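What follows is one structure encoded as structure tokens, with my remarks underneath.
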Amino acid sequence: MSTYPIRFTLLLVYWQLTIGSMTMAQPARKQADRITAVENSLLPYVPVAGLPGWNLLDRMRHYKVPGLSIAVIHNYQVDWVKGYGLADTTTHRAVTPQTLFSAGSISKLVAAMAALRLVEQDKLSLDAPINQYLTSWKLGDNGFTQQTPVTLRMLLSHRGGTSQSAYFGFTPDKQPLPSVPDILAGKPGTESRRVVVNSEPNKEFRYSGGGYLVAQMAMMDVTKQDFATLTNQLLFKPLGLTRTTFAQPLPPSLATQASWAYSTNGWFKGMPYVYPQQAAAGLYSTPADLARLVIDLQNSYRGKGGLLSQSSVKAMMTPLAVVSDGFINEQIGLGTFLLQQHGNTDERGRYFEHTGTNAGFVAYALGSLVGGNGVVVMLNDNNGANELGKEIRRAVAQAYGWTGFLPKPLVTKSLPDSLLNAYVGRYQRGADEVVSIRRSGNRLIERVNNGDDIICVPVGRDTIAFTDYTARAYFSRNKAGRVDSLRVEWQQTPMPRLPDGQYLPNELIRMGRIDDAVAGYRTMNMNVSQLTYLAYELAMSRPRNLPAAEGLLRLAQEQFPNESIVYASLGELYRLRGEKNRAIEAFRQCLKFDASDEEVRKKLIALEAN
């Protein structure tokens with residue numbers, strides 16, 4: 001992972017902020033200095049003492065993110081808002097603080113606020129059966145619901161046992177858009193299955209966009225209003241959020257101010273998608289508007305006159321189930337994910353957040369429960385933007401001295417060249433997974449297969465710490481004293497060092513030795529999904545590797561000759577290469593094994609018509 005030089009004066013600002021980062025480092029007095037500190041302090045997950053922060057614009061180029069916007073919250077106020085890069089790369093329209101972005105699943109946080117407003121108006125109850133409020137569609141009864149009826153509280157905390165984890169939206173040419181009842185029922189044309197209860201309600205966290213669509217339907221049924229109108233009346237108009245809406249598609253007055261969408265995923269159609277599944281994914285907003293919403297929740301939590309009552313927001317911030325347990329303990333509240341470091345006892349070290357990913361967009365909204373800190377980041381890319389958004393959040397936490405948000409910085413142990421050079425090598429973590437270690441000055445760089453570089457810090461003899469998660473790893477030596485394996489502390493089995501000249505299949509592909517790679521994969525007994533997915537990744541990578549994708553699909557055809565997905569994948573490969581006749585034949589073969597594949601049928605009709 002490369003680092004970027006910054007001017008000496010900025011380096012001084014960085015060091016002033018780094019010293020005592022685990023205590024209460026104070027933000028710079030001038031707003032311009034605070035902005036400069038953030039823009040030049042992007043960090044890996046675990047900070048490294050003495051490592052200069054990365055520059056924001058450099059990291060945008062590194063991750064190939066066209067544009068983004070940031071709003072920083074400090075002392076219960078929006079401290080600053082700034083846009084970077086381009087909202088539209090074709091017209092070269094710049095991102096400004098007024099640029100709207102698709103907020104993805106941050107929609108769920110906002111939908112939960114709307115639901116609690118209706119609870120406060122006695123139009124909904126958190127703990128009554130949700131079917132009591134549904135008239136346009138009903139959540140089907142079964143053995144699970146008869147024993148434990150699903151409630152609004154369960155739906156808002158992803159504990160309703162409901163299906164449909166996510167929704168993927170539609171391209172703008174989808175006309176008309178399916179209705180909420182039709183999506184819930186899984187009718188033809190909705191490209192989703194019926195929402196059902198398929199696990200025990202009130203038992204555990206299980207993320208469900210379908211559950212939020214059920215909650216949306218209940219809100220619409222009890223108010224007799226469409227979701228965009230009721231949320232505007234309940235939330236956006238009272239808070240003065242003029243650039244926030246659940247309207248799908250966007251009205252023309254806002255569409256001209258919205259960012260375009262960008263993604264390198266093969267399925268992406270090169271345009272912003274439309275999400276009639278509004279409570280789950282349909283929100284558009286700006287970082288400034290979402291920051292004001294976060295502040296309103298913070299004010300309600302401390303009893304300072306927010307839109308919701310203090311008791312309602314306390315309920316939102318009350319943990320109801322464990323999401324993940326590690327260095328950061330993550331729990332779910334009502335529409336909020338609650339974060340704190342393991343063992344934290346300081347109220348200032350508790351945070352609430354929601355992230356969002358839609359086609360071509362990523363967004364982060366985060367606030368402290370007390371102290372009035374937070375940040376909203378919205379980006380018009382859904383690939384490298386995931387990591388960039390996290391780096392920005394950490395930069396803000398560093399520059400503003402957030403309590404208990406960042407891990408303790410790693411301190412590099414000075415080791416002789418002979419030791420550092422001894423660690424350099426390739427270590428096998430799985431059948432087709434290699435961990436490569438190389439030197440970079442007095443540190444090491446890790447790369448897993450063809451992934452991003454990860455800084456590794458020597459912290460003792462034969463011991464390194466990683467910057468992408470809080471763990472140490474240990475090198476072991478054979479009887480001759482040569483390093484022969486590497487073991488991360490949570491691994492029971494060490495990763496053996498690979499001899500020079502012995503390569504795993506994914507390495508052989510990168511070397512252009514496709515036949516050797518296919519021979520390696522042949523011995524791995526992969527299933528058809530694994531083979532076709534790997535071929536898909538190769539075909540859709542940048543740059544594409546179509547010969548390697550074809551080699552894997554030929555292996556899949558050899559091992560699974562009657563699987564429709566093999567021929568669907570081959571048809572798509574030939575279509576990408578412009579081999580029309582071969583694509584038609586492959587798609588016909590796919591339909592021979594699965595006549596219900598409507599997506600393949602559409603592609604076949606389009607090819608035969610030209």
Side-chain angles (χ1 to χ4, degrees), residues 163-171 173-174 178 186-194 263-271 273 359 431-432 450 504-506 508-510 512-610:
S163 61
Q164 196 68 37
S165 61
Y167 290 104
F168 299 102
F170 301 92
T171 52
D173 58 353
K174 174 74 172 179
K187 290 187 176 180
T190 63
E191 298 181 18
S192 57
R193 295 178 179 177
R194 176 180 176 86
S263 175
T264 59
N265 288 326
W267 50 261
F268 182 65
K269 302 299 184 183
M271 62 190 73
Y273 282 38
D432 192 37
N450 198 36
L504 302 187
N506 79 84
L508 292 167
I509 282 178
R510 293 197 298 276
R513 294 169 55 180
I514 295 171
D515 289 344
D516 292 337
V518 171
Y521 284 121
R522 183 176 284 109
T523 68
M524 289 172 55
N525 297 317
M526 300 170 70
N527 62 40
V528 67
S529 296
Q530 291 171 322
L531 282 170
T532 53
Y533 182 74
L534 182 55
Y536 170 85
E537 285 191 317
L538 289 165
M540 297 304 174
S541 61
R542 297 292 186 270
R544 300 182 191 273
N545 192 337
L546 298 184
E550 183 175 21
L552 282 171
L553 290 177
R554 289 299 180 197
L555 175 60
Q557 186 180 24
E558 168 193 317
Q559 296 182 333
F560 305 97
N562 298 324
E563 291 284 353
S564 64
I565 190 173
V566 174
Y567 300 97
S569 300
L570 279 168
E572 185 62 23
L573 175 73
Y574 296 139
R575 191 182 67 83
L576 289 172
R577 290 205 307 214
E579 299 179 34
K580 175 182 173 181
N581 291 336
R582 297 182 76 184
I584 288 173
E585 180 57 32
F587 285 144
R588 286 175 176 169
Q589 193 73 3
C590 171
L591 293 174
K592 174 183 175 182
F593 293 112
D594 182 8
S596 67
D597 194 328
E598 291 301 321
E599 186 67 23
V600 165
R601 191 176 304 278
K602 290 177 184 177
K603 292 177 180 179
L604 178 60
I605 291 172
L607 285 170
E608 290 176 332
N610 293 322

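Given the structure is predicted, the values throughout are model-derived calculations rather than measurements.
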Query raised in the report: After noting the C-alpha distance and the side-chain angles of Gln559 and Leu531, does the key distance pass the side chain to side chain contact (heavy atoms under 4.5 Å, CB included) rule?
Result: CA-CA 10 Å; Gln559 296 182 333; Leu531 282 170; 3.6 Å; yes
Kindly indicate whether the side chain of [X], heavy atoms from C-beta on, has any atom under 4.5 Å from the side chain of [Y].
X	Y	result
Met524	Gln530	no
Glu599	Glu191	no
Met540	Leu576	yes
Asn506	Asn450	no
Asp594	Glu563	no
Tyr536	Trp267	yes

Might you point out which heavy atoms bring [X] and [Y] nearest each other, and give the distance in Å?
X	Y	value
Gly571	Phe587	C-CZ, 3.4 Å
Cys590	Val600	SG-CG2, 3.9 Å
Ala595	Arg601	O-NH2, 2.5 Å
Pro561	Glu558	CD-O, 4.0 Å
Ala549	Ala535	CB-O, 3.4 Å
Gly169	Tyr273	C-CD2, 4.1 Å

Measure the [atom1]-[atom2] distance between [X] and [Y] for me, rounded to the nearest 0.5 Å.
X	Y	atom1	atom2	value
Asp516	Tyr521	CG	OH	12.5 Å
Leu534	Met526	CG	CE	5.5 Å
Thr532	Leu573	OG1	CG	12.5 Å
Ile509	Asp432	CD1	CG	7.5 Å
Asn562	Lys592	CG	NZ	8.0 Å
Leu607	Arg575	CG	CZ	7.0 Å

Test your reading of the model: is there a side-chain donor-acceptor pair from [X] to the backbone of [Y], 3.5 Å cut-off?
X	Y	answer
Lys174	Gly189	yes
Asn527	Ser529	yes
Arg194	Ser163	no

Query raised in the report: According to the interplanar angle, ranging from 0 to 90°, do the rings of Tyr567 and Phe593 count as parallel (below 30°), tilted (30 to 60°) or perpendicular (above 60°)?
Result: parallel
Query - Residue list, side-chain hydrogen bond (donor to acceptor under 3.5 Å, both in side chains) with Lys187, at least two apart or on another chain - result: Asp182
Query raised in the report: Any salt bridge between Glu585 and Arg582, counting N to O under 4.0 Å?
Result: no
Query raised in the report: Is the count of non-hydrogen atoms from other residues, nucleotides or ligands lying under 6.0 Å from Arg193 atom CZ greater than 12?
Result: no
Query raised in the report: Would one find more than 12 heavy atoms of other residues, nucleotides or ligands at under 6.0 Å from atom CG of Asp173?
Result: yes
